[in-house]
Participant: 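So that we are looking at the same thing, I have put the structure below in structure tokens.
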Amino acid sequence: MDTLEGFERRANPGDREQQELLSEMRGHLRKLQESTRDQDPRLSFSTPEFKEAQRAFTDGFKRNFGRPVEWAMVKEYPWSTPVLRKLEQPVDVKGQPWPAQ
């Protein structure tokens, strides 16, 4: 907004081209303000809170959120196509047997 005000101060009121440019800039600024009016700033992807939440989710996702893996893409033979199947015994994310509880 400071830039528009600066242009308005420097613009020659008698120059038609400069006045058209200023009115166009005001229109674009008004549209931008209307489009961002209802946005929640907390939803920005660059805030530290979002980055921390994203990191926590990614870490949990990599560990299957602390639950055993019960379904997996399994190849019956090395040359076959992987098929989604329920495992006979649950495993952890590294393929080790899940400890019985």
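The analysis underlying the following values was restricted to heavy atoms, covering all of them including side chains, and did not include hydrogens, waters or symmetry mates. Since this is a predicted model, take the numbers as computed values, not measurements.
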Participant: My understanding is that a hydrophobic cluster links ILVMFWY residues whose side chain heavy atoms are under 4.5 Å apart, including indirect links. Using that, what else belongs to the cluster containing L87?
Facilitator: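 V69, V74, V91, V93, which link up through side-chain heavy atoms under 4.5 Å apart, make up the rest of the cluster.
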Participant: Can you pull out every salt bridge (charged side-chain N to carboxylate O under 4.0 Å, His left out) where at least one residue sits in residues 86-98? Sequence neighbours excluded, please.
Facilitator: E70-K86
Participant: Which residues satisfy the side chain to side chain contact (heavy atoms under 4.5 Å, CB included) test with P97, sequence neighbours excluded?
Facilitator: none
Participant: Within the side chain of Q18, is there an N or O that forms a donor-acceptor pair under 3.5 Å with the backbone of N12?
Facilitator: yes
Participant: Check salt bridge (Lys or Arg N to Asp or Glu O under 4.0 Å) between E49 and all other residues, then give those that pass, not counting sequence neighbours.
Facilitator: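 Scan of E49 (salt bridge (Lys or Arg N to Asp or Glu O under 4.0 Å), adjacent residues dropped) gives none.
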Participant: Restricting to pairs with a member in residues 56-66, which pass salt bridge (charged side-chain N to carboxylate O under 4.0 Å, His left out), not counting sequence neighbours?
Facilitator: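 For residues 56-66: R55-D59.
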Participant: Would you mind listing every ring-ring contact (aromatic ring centres under 6.0 Å, His included) that reaches into residues 73-93, with sequence neighbours excluded?
Facilitator: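 Pairs touching residues 73-93 that pass the test: Y77-W79.
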Participant: Apply the hydrophobic cluster definition, ILVMFWY joined by side-chain contacts under 4.5 Å directly or through others, and give me every member besides M73.
Facilitator: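 Besides M73, the cluster holds W71, L84.
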Participant: Restricting to pairs with a member in residues 15-24, which pass salt bridge (charged side-chain N to carboxylate O under 4.0 Å, His left out), not counting sequence neighbours?
Facilitator: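 Every pair satisfying salt bridge (charged side-chain N to carboxylate O under 4.0 Å, His left out) with a residue in residues 15-24: R16-E20.
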Participant: In the hydrophobic clustering that connects Ile, Leu, Val, Met, Phe, Trp and Tyr at side-chain heavy-atom distances below 4.5 Å, which members other than F61 occupy its cluster, ordered by chain and number?
Facilitator: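 Via sub-4.5 Å side-chain contacts, F61 links to F57, F65.
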Participant: Please list, chain by chain and in numerical order, all residues satisfying salt bridge (Lys or Arg N to Asp or Glu O under 4.0 Å) with R85, sequence neighbours excluded.
Facilitator: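 For R85 the salt bridge (Lys or Arg N to Asp or Glu O under 4.0 Å) partners, ignoring immediate neighbours, are E76.
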Participant: Of the non-hydrogen atoms in P13 and Q19, which two are nearest, and what is the gap between them?
Facilitator: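 Minimum heavy-atom contact is CA-NE2, 3.4 Å.
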Participant: Nearest heavy-atom pair of W98 and G66: which atoms, and what distance?
Facilitator: CH2-O, 3.4 Å
Participant: Mind checking what makes side chain to side chain contact (heavy atoms under 4.5 Å, CB included) contact with R30, not counting sequence neighbours?
Facilitator: R26, E34
